2 protein chains.
Amino acid sequence: MPVISTKLRARLLDALAHPNRVRILEAIKSGYTCSCEIAPDLNMEQSNLSRHMKILVERGILIPEREGVRINYRIADEDIFKLLDMAGELVRRNAERSILEEEAG
Amino acid sequence: MPVISTKLRARLLDALAHPNRVRILEAIKSGYTCSCEIAPDLNMEQSNLSRHMKILVERGILIPEREGVRINYRIADEDIFKLLDMAGELVRRNAERSILEEEAG
DNA sequence: TCAATATATGAATATATGAGAAAATACTCA
DNA sequence: TGAGTATTTTCTCATATATTCATATATTGA
C-alpha cells in the first residue's frame, strides 16, 4: 500500500478545516445539491460560498455537475462523512477528558 | 447523542491541516515522545516545533507530561490515527478518480 | 437577442498563520 | 547557587486566507 504524503493529507484536512465548509458538506448531506439552495440556508454571501465550493471541488471532495444555469454538487466519496463524524467523536471524547481532569484537579 | 458543532470539528481538523503537524504525529506514532527528539528528526526549528506542539496540545490531540527537563507528549486518543489514515485513504481514492477521468477524457 | 437566474472573479480589506531569531523560563545536577 | 539543557515566549516579517462589494460570465427560455 503506497504511503500518502503528509502534504496531501494535510491538504485534504485543510479543505475541511473551516466551519463554513463543514456546514456546506452537512447541507449537501441533508439533501441540498446546488449552491443556490445552500447560500440562503447557511446565510452566506453568494460570492463567499462560491469560493468555498471551489476549494471543496479543487480538493476532490465535491464534484460539480452543471444542470442548466445551476450547478449541482455531489459528494465524491461518501466516506468524507465518516471522517467528519470521527472528528466529532474525537472532539466529544476530548471534552469528556477535560471535564474529568477538572474534577480530578 | 449530542451534535458537535461544525466549529469545533473544523477546529480539530485544522489542528491536523498542516504537513508538519501530520509529520509530528507520525513521529510520535513511530515512537518519539519528546520534541527534543522530533525537532532534529523532522529538521525543524525548535521554536517552530514548539508552536506546532502547542496547537496540538491546545486542541486536545497531544497530552504533555514533563519528565525532568524534557516533556514527553502522548497521544490523547489513538483514534486520531484512524482519522489520519482515513484522510490518506480519501486522498488515494481521489487520485484514482482523477486518473480514471483523464483516461475517459 | 434580451431578461432572468446562477455562478465566478477582481479588488480591497481584515485577519490568521508560519517561520526564524533572540530572550525568557523551567528543570536537573553538581 | 550556578552551569547546562529543554522548552516557551515574544517580536517581527512575509504570506495565506476569509470576506464583501461590484462586476463579469454562463445558461436557459421567451
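All values reported here derive from a predicted model rather than from experimental measurement. Lettering follows sequence order; numbering is per chain, from 1. Only heavy atoms go into these numbers, but all of them, side chains included; no hydrogens, no water, no symmetry mates.
- At distances below 3.5 Å, not a single donor-acceptor pair connects side-chain atoms of B/Arg23 with backbone N or O atoms of A/Thr6.
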Polar atom pairs (N or O), protein with nucleotides 7-16 of chain C, under 3.5 Å:
from   : atom 1 : to      : atom 2 : distance (Å)
C/dT7  : OP1    : A/Ser35 : OG     : 3.4
C/dT7  : OP1    : A/Ile71 : N      : 2.9
C/dT7  : OP1    : A/Ile71 : O      : 3.3
C/dT7  : OP2    : A/Ser35 : OG     : 3.0
C/dT7  : OP2    : A/Cys36 : N      : 2.8
C/dA8  : OP2    : A/Ser50 : OG     : 3.2
C/dA8  : N7     : A/Gln46 : NE2    : 2.8
C/dA8  : N6     : A/Gln46 : OE1    : 3.0
C/dG10 : N7     : A/Arg51 : NH2    : 3.2
C/dG10 : O6     : A/Arg51 : NH2    : 2.1
C/dA11 : N6     : A/Arg51 : NH2    : 3.4

Expected list for residues 45-62 of chain A: side-chain donor-acceptor pairs under 3.5 angstrom, two or more places apart:
from    : atom 1 : to      : atom 2 : distance (Å)
A/His52 : ND1    : A/Arg21 : NH1    : 3.0
A/Arg59 : NH1    : A/Arg11 : O      : 3.0
A/Arg59 : NH1    : A/Asp14 : OD2    : 3.4

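- Nucleotide C/dG20 holds its C1' atom 17 Å from the CG atom of B/Leu42, rounded to whole Å.
- We find that CD1 of A/Ile24 is positioned 13 Å from C1' of D/dT19, with the value rounded to whole Å.
- Between B/Glu65 and B/Arg70 there is no salt bridge, since no side-chain nitrogen of the basic residue lies less than 4.0 Å from a carboxylate oxygen of the acidic one.
- Ion pair A/Arg93/A/Glu89 flagged as a salt bridge, since at least one NZ, NE, NH1 or NH2 atom sits closer than 4.0 Å to an Asp/Glu carboxylate oxygen.
- Look at A/His52 and you won't find any side-chain N or O under 4.0 angstrom from OP1 or OP2 of D/dT17.
- Under a 3.5 Å cut-off, the side chain of B/Ser35 and the backbone N or O of B/Ile38 do not form any donor-acceptor pair.
- For A/Glu67 and A/Glu45, each mapped to the nucleotide of DNA chain D holding its nearest heavy atom, the one lying further toward the 5' end belongs to A/Glu45.
- Counting non-hydrogen atoms under 4.0 angstrom, A/Ile38 reaches nothing in the nucleic acid.
- Atom C1' of nucleotide C/dA21 and atom CG of B/Leu49 are separated by 16 Å, given to the nearest angstrom.
- Applying the 4.0 Å criterion to OP1 and OP2 of D/dT19, one finds that A/His18 has a side-chain N or O inside that range.
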Open item on the list: With side chain to side chain contact (heavy atoms under 4.5 Å, CB included) as the criterion, how do B/Ile28 and B/Ile24 come out once you've worked through the C-alpha distance, each side chain's angles and the decisive distance to 0.1 Å?
Closed with: CA-CA 6 Å; B/Ile28 292 177; B/Ile24 288 168; 4.2 Å; yes

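- Across the protein-nucleic acid pair, B/Asp14 atom CG and C/dT17 atom C1' stand 9 Å apart, rounded to whole Å.
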